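This report concerns only the one structure given below.
On a predicted model such as this, the values are computed, not experimentally measured, just so you know.
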Amino acid sequence: MQYLHTMVRVSDLDASLHFYCDLLGLKEVRRKENGKGRFTLVFLAAPEDEARSAELKAPELELTYNWDPEEYSGGRNFGHLAYRVDDIYALCEKLQANGVTINRPPRDGHMAFVRSPDGISVELLQKGDALPPQEPWASMENTGSW
């Protein structure tokens, strides 16, 4: 068995690509447009997974955008995506500066949670050992749910 991808439905492809690519740092590796089915699939890979994605088409995140408007709810029911990051504080600062709420701040220098524009919970985990606690994260309260 081999893990291939996780699919999440998105209601605004541009907003989702901004979140996943521009802010989180994932890379678009391929895209499929299906006019008959009226949907677009966009496959993303983490920078350290790009070579494996090119060779194996895995591991990836598949964004599914249906051209006809649909309302999606229950992002919390999905669970979450998880990504290992080089500097959890720097990424959380970038996300927050771009209007993303840090639902569970990285108080421990190890783990944080944010949500995509469609309410998908995204866990961020510090690569290697936890970073030493630092402000403003160490004393920041949780916001909402993750």
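In this view, Glu141 satisfies the side chain to side chain donor-acceptor pair (under 3.5 Å) rule with no residue, not counting sequence neighbours. For Pro59, the side chain to side chain contact (heavy atoms under 4.5 Å, CB included) partners at least two apart in sequence or on another chain are Tyr3, Asp49, Arg52.
Checked for salt-bridge contact, Glu48 and Arg84 miss the test: no charged N lies under 4.0 Å from a carboxylate O.
With rounding to the nearest 0.5 angstrom, the CG atom of Asp12 is 11.0 Å from the OG atom of Ser116. In this structure, the separation between CG on Leu63 and CZ on Phe19 is 10.5 Å, given to the nearest 0.5 Å.
Applying the ring-ring contact (aromatic ring centres under 6.0 Å, His included) test to residues at least two apart or on different chains, the pairs with a partner in residues 35-56 are His5-Phe43. Here side chain to side chain donor-acceptor pair (under 3.5 Å) pairs that include residues 87-97, with residues two or more places apart or in two chains, number zero. For the salt bridge (charged side-chain N to carboxylate O under 4.0 Å, His left out) condition, the pairs that include at least one residue of residues 36-46, sequence neighbours left out, are Arg38-Asp68. Each ring-ring contact (aromatic ring centres under 6.0 Å, His included) pair with one or both residues in residues 98-130, not counting sequence neighbours, appears once here: His80-Phe113, Phe113-Trp146.
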- Intermediate values then yes/no, side-chain contact (heavy atoms from CB on, under 4.5 Å), Asn34 and Leu41: CA-CA 8 Å; Asn34 187 313; Leu41 304 179; over 6 Å; no
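Remark: side-chain polar atoms of Arg107 are paired, donor with acceptor, to backbone N or O of Met140 under 3.5 angstrom. Arg104 contributes no side-chain N or O that, together with a main-chain N or O of Glu123, makes up a donor-acceptor pair within less than 3.5 Å.
Nearest heavy atom pair, residue Gly25 against residue Pro47, reads O-CG, 3.3 Å. A pairwise comparison of heavy atoms in Leu23 and Leu91 identifies O-CD1, 3.2 Å as the closest pair.
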